[in-house]
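Reading through the C-alpha cells given below for one structure.
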Amino acid sequence: MVYEFTNKLKSKINKLKEKNKSICLGSIYFDSPLLLAPMSQISNAPFRYLMQELGSGGSVSELISCHGINYRNQKTLDMLKVWPEEKNVGIQLFGEDAESMKKAADIAQTYNPKFIDINMGCPVRKVVSKGGGSALMKDPTKLENFFNEIKSVLSIPLTIKIRTGWDTDSRNALEIVSIAKSCGIEFVAIHGRTRTQQYKGSADWNYIEHIASENILPIIGNGDLHDPVSVKKRMKSSSCKAFMLGRGPLRSPFLFLEAMDDTSNTFTANDYFEVIMRLSSLYESYFDEKKNVINLRKHILWFSHGFKNSVHLRSNIFQIKDLGGLLELSKSYFLELGEETKASQYDSSFMTSGHG
Ligand SMILES: Cc1cc2nc3c(=O)[nH]c(=O)nc-3n(C[C@H](O)[C@H](O)[C@H](O)COP(=O)(O)O)c2cc1C
C-alpha cells in the first residue's frame, strides 16, 4: 500500500517548497538550485522521487555502466528507468571509450531523462584502471573527441561531473571546463576533491569558487554540504549556479527543505518515521521484500544518526529480517522520540567511499 504523508507534514513541506527558486543551467531547468547528487545504489528512482517530494530541484542517477547497457544486461537496463512522476533527472553513464559511451547514451536517452551525464569523478580502482571515471581527467587531449562523439547521437543535453583533478599537482578542472564549453556541454558539476584524495580531507571550495567565478559554464558545486548552515552559507555567497547534496540528505532527508528554512531543525522524529514509511512504500514497487529490507535498514540507520539512543536501535536492527518487523522497530524508536529534533552533527568520516 502506498503511504502518503499526513496533511500536517505535507503542509510543512509545501510551505518550505514555496521558497524554492527555479533555475536554468544552460538549457536545463531545475526546480531549485539544490540537487540530489548521484550515488551508487542509492540514487535510484524511488529515492530520487522521495527527495523530489522533499524539495530537491532535480537529480542525477547512480552511475550506470555503458558496457552493461550495450550488452543489454537486464539489471543495468532497469537502472535506466526514470519514473514518469520524476522531474529533472539526468542519467549518469560511466565508461572509457567514446564508441561504447556513444552507443549507451543513444539507448539511455530513450528512457526519457532530461540529460545524460558522464561520470568523470569515480575514484574506484576497478573503474579507473580501465580508463573510466576520474581517469578521464588524466588526458584532456582525448576529451574533445570523447564529448563530441557522445553528443553526436544525443537529442538531449550532455553534462559532466568531475573532481578537481587527479592529484594535487595535476588539478586541471579549469582546463576541462573550457574543453567542455567548446564541445557544447551544458554544465559541469565539481566534487571539490582530487581522485587521490578519495573522500579524505575537505572539499576545496576555494578551488570550486575560483572555477565558477571564471563564468565559462554553469558550475554545480559539490562536497561536504551536509547541514543546513553550510548549505545556506554557500547559497548566499557562491559563484556556483547550483549545488549537489549527496551524503547530507542520507542522514537528513529534510536537508533540501531545511536549507530554505529561516529556523533550522524543525523536523521531528515523527516526521522521520513518516519518511521511512513513504520510502518503504516507494521501494515496494521497485524492490522485492528482501531488497527493500536491506535498503531500508541502511536508511533507517542513517536517519537515526543524531537522535537519542540510536545506538540501541543499531544493536537491534540487524536481527530483523522482514519488512513488517523493521517498520515496527522503527515505529517504536521514532514515535517514542515524538516531537524531538535531532542534533545536527557534521561528521566528515561518514561514508568515505563512493563512485564520484
Ligand atoms: C555511497 C556513495 C556513492 C556515490 N556514487 C556516485 C556515483 O554513482 N556517481 C558520481 O558521480 N558520484 C558518486 N558519489 C559521489 C557523490 O555524488 C558526491 O560527489 C560526494 O559524495 C561528495 O558530496 P557530499 O559530500 O555531498 O556527499 C558517491 C558518493 C557516495 C558517498
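For the single chain, residues carry numbers from 1 onward in sequence order. Nothing here was measured: the structure is a model prediction, and the numbers come from that model.
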Practice problem: With side-chain contact (heavy atoms from CB on, under 4.5 Å) as the test, would you mind laying out the steps for L93 and N119 before giving the verdict? | Solution: CA-CA 6 Å; L93 303 179; N119 180 313; over 6 Å; no
Exercise. Start with the C-alpha distance between D167 and R195, add both sets of side-chain angles, then the distance that settles side-chain contact (heavy atoms from CB on, under 4.5 Å), and finish with yes or no.
Key: CA-CA 6 Å; D167 58 24; R195 187 270 168 178; over 6 Å; no
Exercise. Would you please test F94 and I118 for side-chain contact (heavy atoms from CB on, under 4.5 Å) and show each step?
Key: CA-CA 6 Å; F94 77 98; I118 306 174; over 6 Å; no
Self-check item: Steps toward side-chain hydrogen bond (donor to acceptor under 3.5 Å, both in side chains) verdict (T159, D117)
Solution: CA-CA 5 Å; T159 66; D117 185 66; 2.7 Å; yes
Quiz item: Can you check ring-ring contact (aromatic ring centres under 6.0 Å, His included) on H299 and F47, steps first, answer last?
Solution: CA-CA 10 Å; H299 289 285; F47 189 68; 5.0 Å; yes
Exercise. Check step by step if side-chain contact (heavy atoms from CB on, under 4.5 Å) holds for C240 and I208.
Key: CA-CA 8 Å; C240 295; I208 297 176; 3.6 Å; yes
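A donor-acceptor contact under 3.5 angstrom links the side chains of E339 and N270, judged on distance only. No hydrogens or angles considered: a donor-acceptor pair under 3.5 Å links the side chains of Q109 and S155. Counted by atom type alone, Q74 and D78 present one or more donor-acceptor pairs between their side chains at under 3.5 Å. When only modelled atom types and interatomic distance are considered, T141 and D139 share a side-chain donor-acceptor pair under 3.5 Å. No side-chain donor from either of S22 and D31 sits under 3.5 Å from a side-chain acceptor of the other. A donor-acceptor pair shorter than 3.5 Å can be found between the side chains of D97 and S100. Looking only at atom types and distance, the side chain of S252 has no donor-acceptor partner in the side chain of E258 under 3.5 Å away. Donor-acceptor pairing under 3.5 Å is lacking for the side chains of K151 and N148. Side chains of N88 and K114: a donor on one and an acceptor on the other come within 3.5 Å.
A continuous path of Ile, Leu, Val, Met, Phe, Trp and Tyr side chains, each step under 4.5 Å between heavy atoms, connects Y333 with L250, placing both in one hydrophobic cluster. A single hydrophobic cluster is seen to contain both L80 and I42, as judged by linkage of ILVMFWY side chains at heavy-atom distances under 4.5 Å, directly or through other members. Tracing side-chain contacts under 4.5 Å through hydrophobic residues (I, L, V, M, F, W, Y), one never reaches I219 starting from V60; they form parts of separate clusters. Cluster annotation: L136 and V177 are assigned to the same hydrophobic cluster (Ile/Leu/Val/Met/Phe/Trp/Tyr, side-chain heavy-atom contacts under 4.5 Å, transitive). Linking Ile, Leu, Val, Met, Phe, Trp and Tyr whenever their side-chain heavy atoms come within less than 4.5 Å puts L313 and F350 in one cluster.
Taking OG1 from T76 and CD1 from I64, the interatomic distance works out to 8.0 Å, rounded to the nearest 0.5 Å. Note: L36 CG to F256 CZ = 5.0 Å, rounded to the nearest 0.5 Å. Taken from CH2 in W83 to CZ in R48, the straight-line distance is 9.0 Å, to the nearest 0.5 Å. Separating the CG atom in N44 from the OG atom in S61 is a distance of 10.0 Å, to the nearest 0.5 Å. To the nearest 0.5 angstrom, H191 atom NE2 is 14.0 Å from I220 atom CD1. Summarising the geometry, atom CD1 belonging to I276 is positioned 4.5 Å from atom OG belonging to S330; distances are rounded to the nearest 0.5 Å.
Note that K81 lies outside the cation-pi zone of Y111, set by a 6.0 Å cut-off to the ring centre and a 45° limit from the axis. Relative to the six-membered ring of F243, R234 misses at least one condition, a distance below 6.0 Å or an angle of at most 45° to the axis.
Taking the side chain as every heavy atom from C-beta outward, E62 and P38 never approach each other to under 4.5 Å. The side-chain heavy atoms of F5 and N14, taken from C-beta on, include no pair separated by under 4.5 Å. The closest side-chain heavy-atom distance from I190 to N222 is not below 4.5 Å. L174 has its side chain out of reach of N172: every pair of non-hydrogen atoms, C-beta onward, lies at least 4.5 Å apart.
Using modelled atom types, one side-chain atom of Q319 and one backbone atom of S315 make a donor-acceptor pair closer than 3.5 Å. The backbone N or O of M235 sits nowhere less than 3.5 Å from a side-chain atom of S238 that would complete a donor-acceptor pair. Remark: side-chain polar atoms of Q52 are paired, donor with acceptor, to backbone N or O of E85 under 3.5 angstrom.
Salt-bridge annotation for D262 and K19: present, with a side-chain N of the basic residue lying under 4.0 Å from a carboxylate O of the acidic one. A salt bridge links E53 with R278: at least one charged nitrogen is closer than 4.0 Å to a carboxylate oxygen. Between D271 and K12 there is a salt bridge, since a side-chain N of the basic residue sits under 4.0 Å from a carboxylate O of the acidic one. Checked for salt-bridge contact, R251 and D227 miss the test: no charged N lies under 4.0 Å from a carboxylate O. Of the charged side-chain nitrogens involved, none lies within less than 4.0 Å of a carboxylate oxygen, so that K130 and E96 do not count as a salt-bridged pair.
Within a 6.0 Å radius of NZ in K10, more than 12 heavy atoms belonging to other residues, nucleotides or ligands are found. The local environment of CD in E4 is crowded, with over 12 non-hydrogen atoms from other residues, nucleotides or ligands closer than 6.0 Å. More than 12 heavy atoms of other residues, nucleotides or ligands shown are found within 6.0 angstrom of NZ on K17. Around NZ of K321, the count of heavy atoms belonging to other residues, nucleotides or ligands within 6.0 Å exceeds 12. In the displayed structure, K298 atom NZ is contacted under 6.0 Å by more than 12 heavy atoms of other residues, nucleotides or ligands. A 6.0 Å sphere centred on CD of E175 holds more than 12 heavy atoms belonging to other residues, nucleotides or ligands.
Annotation: F307 is not in aromatic contact with H312 [ring centroid separation under 6.0 Å not met]. The distance between the ring centers of F273 and F303 does not fall below 6.0 angstrom. The aromatic ring centres of W302 and H305 sit 6.0 Å or more apart.
In the hydrophobic clustering, where aliphatic and aromatic side chains (Ile, Leu, Val, Met, Phe, Trp, Tyr) are joined below 4.5 Å either directly or transitively, Y71 stands alone.
Among residues two or more places apart in sequence or in another chain, the salt bridge (Lys or Arg N to Asp or Glu O under 4.0 Å) test is passed with D106 by none.
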Please report, to 0.1 Å, the donor-acceptor pairs under 3.5 Å made by any side chain of residues 210-218, with sequence neighbours excluded.
residue	atom	partner	partner atom	Å
S213	OG	E209	O	3.2
S213	OG	H210	O	2.8

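G121 approaches R163 most closely through the heavy-atom pair O-NE, 2.9 Å. Nearest heavy-atom pair across S280 and L296 is CB-CD2, 3.5 Å.
Here the rule is ring-ring contact (aromatic ring centres under 6.0 Å, His included) with F267, and of Y272, F334, F254 only F254 fits it. Of the candidates M137, Q92, E186, M120, M120 is the only one forming a side chain to side chain contact (heavy atoms under 4.5 Å, CB included) with I160. The side chain to side chain donor-acceptor pair (under 3.5 Å) test with R193 singles out one residue from D224, D204, T164, and that residue is D224.
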